[in-house]
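Each chain gets a letter, A, B and so on, in the order the sequences are listed, and its residues count up from 1. Any value given below was found using the heavy atoms of this structure, including those in side chains, with hydrogens, waters and symmetry copies removed.
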Protein chains: 2
Amino acid sequence: MGDRPSYDRKLLQILRDAAGVFAEKGYHRASIRDISAATDVSLSGLYYYFSSKEELLFLVQNHCFGTLLARLEEDLGQTTDPAARLRIVVRNHLHFFLDNMEEMKVLSHEADVLTGKYRETIQRRKRSYADTVHGILSELRPADGPDLRTATFALFGMMNWIYTWYNPDRDLRAEEMEEELLHLFLNGFLAPRNRRSDGEGGDSAPMEHSSIWRSG
Amino acid sequence: MGDRPSYDRKLLQILRDAAGVFAEKGYHRASIRDISAATDVSLSGLYYYFSSKEELLFLVQNHCFGTLLARLEEDLGQTTDPAARLRIVVRNHLHFFLDNMEEMKVLSHEADVLTGKYRETIQRRKRSYADTVHGILSELRPADGPDLRTATFALFGMMNWIYTWYNPDRDLRAEEMEEELLHLFLNGFLAPRNRRSDGEGGDSAPMEHSSIWRSG
DNA sequence: TTGCCGATCGAACGCTTGTACGGTTCCGGT
DNA sequence: ACCGGAACCGTACAAGCGTTCGATCGGCAA
């Protein structure tokens, strides 16, 4: 960023307001005039801060994702233990998500409207983020454990779906949600797999589970 | 539906084609002209089959959701065992999702663009679907188990997020995905809670499950 | 004061959008 | 042969869209 504190502050405020409009109406249905109304900046005045509507969406997404990743990398530096690192990922993601739900909804929901260089930049960061989680899970994975790609995106699915149902008055706070989702995911991920029921070995598989573990 | 097989068949084809366009470009960015091109029906000719773009989206979503729920209720009639019923829910959802990814993407992604009666109808069905799953989970839930609302939507999140990453050439087929996600979710859902999930307990968890299952 | 420049604005332009309307084609029943 | 309605189409229009452009404001340096 350049050395113009007033400019930077106002741009960030525009990004926040624009995220609110995008989150409520969706990118395409939201007009620059809506954003002009939300920001109290004239229609043409906005174009001093971005050069196109698409760039505005990019700035919203990139700034949001950037601070999410910056906080994550800072916290991940504290430990190399994969279980602790997974907790850090979930904690960071959920806290940031619930604290910046509008921005994160835009980041999640308007994922494939960007084109060209904008799209590439965001997708590269997302892939890097997913790779980080994938790497942590590959260290945690028990022998014959779950499919890593499926598990990684299942975890992201749990977390990113939140914007469709979360109600701050009704639902858990970030710390509790962190416990719930980490408990759900980690126990499922680490649980031994009682594979093919044809093997009668049945060492650790409780018989009562049969209706679940067998297909039919 | 009325008794006009040709009309019905063509309408269903229009709904499929429209779902493809909506899935690719998003509802708002997709124009009726795009749908006209995709269906080989003239711009004004389309309005013989629906009265507005919003109604078209409603028809796409309602038909898609309707057949998903119809299949589910049929399969759920086979058993009252909650574990088996959960498997049926996951199997039905995933199979239908992967077989009709475009429609399901529209149903998931364009959830809050409908208004008025259209919106009410879809939301009522979605709530009923979620309530069904919520009910099954409440029967399965161990004492001091996970928060039911969070767990329900975590499961939906795992499944509905799929459209953002699934690649049929690269990823698991429906049956395998069913095993993976059910394993992940169910072991997490049933695992006893007191154990610290980031620590190293040493013992393997699933033994403690048996007491929960005895009543089955 | 004058001159400059970052910041801001009102007004317009060209284009796309969803939809309305009047007309035309097809076809089974009489 | 003729009719009525279902099925379908070409055209037009008003509204809204993103973006541009020239003008203006305010504060600081000369």
Side-chain angles (χ1 to χ4, degrees), chain A residues 1-22 24-61 106 110 113-119, chain B residues 1-61 106 110 112-119:
Chain A
M1 305 244 179
D3 205 12
R4 289 177 298 171
S6 152
Y7 174 94
D8 291 346
R9 224 179 317 119
K10 181 151 187 182
L11 173 58
L12 288 182
Q13 186 57 47
I14 289 176
L15 296 187
R16 281 201 84 80
D17 294 340
V21 178
F22 285 156
E24 191 202 326
K25 318 188 74 167
Y27 171 76
H28 284 110
R29 192 168 186 278
S31 70
I32 304 283
R33 287 163 178 84
D34 292 331
I35 288 156
S36 163
T39 55
D40 267 322
V41 179
S42 74
L43 180 60
S44 47
L46 287 172
Y47 280 82
Y48 184 70
Y49 290 91
F50 51 85
S51 62
S52 72
K53 187 186 180 187
E54 187 177 9
E55 184 181 275
L56 172 60
L57 176 62
F58 169 78
L59 291 176
V60 169
Q61 292 193 348
V106 173
E110 320 288 355
V113 322
L114 290 180
T115 66
K117 268 239 171 283
Y118 295 143
R119 183 192 195 97
Chain B
M1 302 247 180
D3 204 14
R4 283 136 79 201
S6 152
Y7 175 92
D8 291 345
R9 221 178 320 120
K10 183 151 187 183
L11 173 58
L12 287 181
Q13 186 57 47
I14 289 177
L15 295 187
R16 282 201 83 81
D17 294 338
V21 178
F22 285 155
E24 192 203 325
K25 319 187 76 169
Y27 171 77
H28 284 110
R29 192 168 187 278
S31 70
I32 304 283
R33 287 164 178 83
D34 292 331
I35 288 155
S36 163
T39 54
D40 266 323
V41 179
S42 74
L43 179 60
S44 46
L46 286 171
Y47 279 82
Y48 183 70
Y49 291 91
F50 51 84
S51 61
S52 72
K53 188 187 180 187
E54 188 178 9
E55 184 180 275
L56 172 62
L57 176 62
F58 169 76
L59 291 176
V60 168
Q61 293 193 348
V106 173
E110 320 287 355
D112 54 359
V113 322
L114 290 180
T115 65
K117 268 240 170 280
Y118 294 142
R119 184 191 195 98

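Across all strands shown, Ser6(B) has no heavy atoms under 4.0 Å from either base or sugar-phosphate atoms. Within 4.0 Å of Ser51(B), counting heavy atoms only, lies no atom of the nucleic acid at all. Within the nucleic acid shown, Tyr49(A) comes within 4.0 Å of sugar-phosphate atoms alone, with no base atom in reach, counting heavy atoms only.
In this structure, the side chains of Leu11(B) and Leu15(B) come closer than 4.5 Å at one or more pairs of heavy atoms.
Between Tyr47(A) and dT8(C), a side-chain N or O to OP1/OP2 separation shorter than 4.0 Å is absent.
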Can you give me the N/O atom pairs linking the protein to nucleotides 4-6 of chain C at distances under 3.5 Å, or say none if there are none?
none

Tabulated below should be each protein N or O lying under 3.5 Å from an N or O of nucleotides 9-12 of chain C; please produce it.
residue: dC9(C); atom: OP2; partner: Ser42(A); partner atom: N; Å: 2.8
residue: dC9(C); atom: OP2; partner: Ser42(A); partner atom: OG; Å: 3.1
residue: dC9(C); atom: O5'; partner: Ser42(A); partner atom: OG; Å: 3.3
residue: dG10(C); atom: N7; partner: Ser44(A); partner atom: OG; Å: 3.1
residue: dG10(C); atom: O6; partner: Ser44(A); partner atom: OG; Å: 2.4

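When rounded to the nearest whole Å, the span between CG of Leu56(B) and P of dT17(C) equals 15 Å. Remark: P of dG18(C) and CD of Glu55(B) are 15 Å apart, rounded to the nearest angstrom. The separation between Leu57(B) atom CG and dG18(C) atom C1' is 14 Å, rounded to whole Å. Residue Ile32(B) contributes atom CD1, which lies 5 Å from atom P of dG18(C) at whole-angstrom precision. Distance Arg29(A) CZ to dT16(C) C1': 17 Å, rounded to the nearest Å. In this structure, CD1 of Ile35(B) is placed 8 Å from P of dG18(C), rounded to the nearest angstrom. Counting to the nearest Å, the C1' atom of dA20(C) and the NZ atom of Lys53(B) are 17 Å from each other.
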Q: Report the C-alpha distance between Tyr49(B) and Leu56(B) in whole Å, list the side-chain angles of each, state the deciding distance to 0.1 Å, and finish with yes or no for side-chain contact (heavy atoms from CB on, under 4.5 Å).
A: CA-CA 8 Å; Tyr49(B) 291 91; Leu56(B) 172 62; over 6 Å; no
Q.
For Phe58(A) and Phe50(A): C-alpha separation, side-chain torsions, deciding distance, then whether ring-ring contact (aromatic ring centres under 6.0 Å, His included) applies.
A. CA-CA 10 Å; Phe58(A) 169 78; Phe50(A) 51 85; over 10 Å; no
Q: Quick one: do Lys10(B) and Val41(B) satisfy side-chain contact (heavy atoms from CB on, under 4.5 Å)? Show the steps, please.
A: CA-CA 10 Å; Lys10(B) 183 151 187 183; Val41(B) 179; 3.8 Å; yes
Hey, can you pull the donor-acceptor pairs under 3.5 Å for the side chains in residues 26-33 of chain A, sequence neighbours left out?
residue: Tyr27(A); atom: OH; partner: Glu54(A); partner atom: N; Å: 3.3
residue: Ser31(A); atom: OG; partner: Arg33(A); partner atom: N; Å: 3.3
residue: Ser31(A); atom: OG; partner: Asp34(A); partner atom: N; Å: 3.0
residue: Ser31(A); atom: OG; partner: Asp34(A); partner atom: OD2; Å: 3.3

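Side-chain atoms of Gln61(B) do not come within 3.5 Å of backbone N or O of Tyr118(B) as any donor-acceptor pair. Counting only distance, with no hydrogens or angles, the side chain of Glu55(A) and the backbone of Ser51(A) share a donor-acceptor pair below 3.5 Å.
Relative orientation of the Tyr48(A) and Tyr7(A) rings is perpendicular, given thresholds of 30° and 60° on the angle between their planes.
For Arg119(A), the CZ atom is densely surrounded, since the number of other residues' heavy atoms within 6.0 Å is greater than 12.
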